[in-house]
Amino acid sequence: NLILALDALITEQNVTKAGESLDLGQSAMSHSLNQLRAILNDQILVRGQSSRMTLTPYAKALLTKVKQLKNE
């Protein structure tokens, strides 16, 4: 489930939209993000300009691998 959550977060770059894409509420998606942050030791998404969320360099590097794992 966390691979799907990570994929949605990386794709949407928005916690609420990522949750909606998985039929999860914002609270559940935030919980998944916090779990992923702890496991990966990276923020994954950070608040950037204009309060928009942006991917960390580590999250960008994971993009291709996450897509491959999701499709397996």
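Quick note: residue numbers are just sequence positions, from 1. All of these numbers come straight from a predicted model, not from anything done at the bench.
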_Could you walk me through whether Lys17 and Thr11 satisfy the side-chain contact (heavy atoms from CB on, under 4.5 Å) test, starting with their C-alpha distance in whole Å, then the side-chain angles of each, then the deciding distance to 0.1 Å, before giving a yes or no?_
CA-CA 10 Å; Lys17 289 181 182 179; Thr11 300; over 6 Å; no
_Which atom of Ser30 lies closest to which atom of Val15, heavy atoms considered_ = OG-CG1, 3.5 Å
*Between Leu2 and Leu62, is there a shared hydrophobic cluster once you connect ILVMFWY residues whose side-chain heavy atoms come closer than 4.5 Å?*
yes
*Does the pair Lys60 and Thr56 meet the rule for a side-chain contact (heavy atoms from CB on, under 4.5 Å), with working shown?*
CA-CA 6 Å; Lys60 287 178 185 177; Thr56 64; over 6 Å; no
*Spacing of Leu55 atom CG and Ile44 atom CD1 [to the nearest 0.5 Å]*: 9.5 Å
*Identify whether Tyr58 and Val46 are in the same connected component of the hydrophobic contact network (ILVMFWY, side-chain heavy atoms under 4.5 Å).*
no
*Do Asp7 and Lys67 meet the salt-bridge criterion of a basic N to acidic O distance under 4.0 Å?*
yes
*asked:* Once rounded to the nearest 0.5 Å, what's the spacing between atom CE of Met29 and atom CG of Asn14?
replied: 10.0 Å
*State, to 0.1 Å, how close Met53 and Gln13 come at their nearest heavy-atom pair, and which atoms those are.*
CB-O, 3.3 Å
*Kindly give the heavy-atom pair with the smallest separation between Ser21 and Ala18, and that separation in Å.*
OG-O, 2.7 Å
*Could you tell me the separation between the CD1 atom of Ile3 and the CD atom of Glu72, rounded to the nearest 0.5 Å?*
9.5 Å
*When rounded to the nearest 0.5 angstrom, what distance separates CG in Leu4 from CG in Leu69?*
10.5 Å
*Determine, step by step, whether Glu20 and Thr16 satisfy the side-chain hydrogen bond (donor to acceptor under 3.5 Å, both in side chains) criterion, reporting the C-alpha distance in whole Å, the side-chain angles of both residues, the deciding distance to 0.1 Å, and the verdict.*
CA-CA 6 Å; Glu20 288 172 357; Thr16 302; over 6 Å; no
_If you define the side chain from C-beta out and look only at heavy atoms, does anything of Leu6 sit under 4.5 Å from Leu40?_
yes
*Starting at CG of Asn1, measure out to CD of Gln35 and round the result to the nearest 0.5 Å.*
9.5 Å
*Find out whether Gln49 and Thr54 are in side-chain contact, i.e. whether some heavy atom of one side chain is under 4.5 Å from a heavy atom of the other.*
no
*Looking only at heavy atoms, which two atoms of Ala5 and Ser32 are closest? And how far apart?*
CB-CB, 3.9 Å
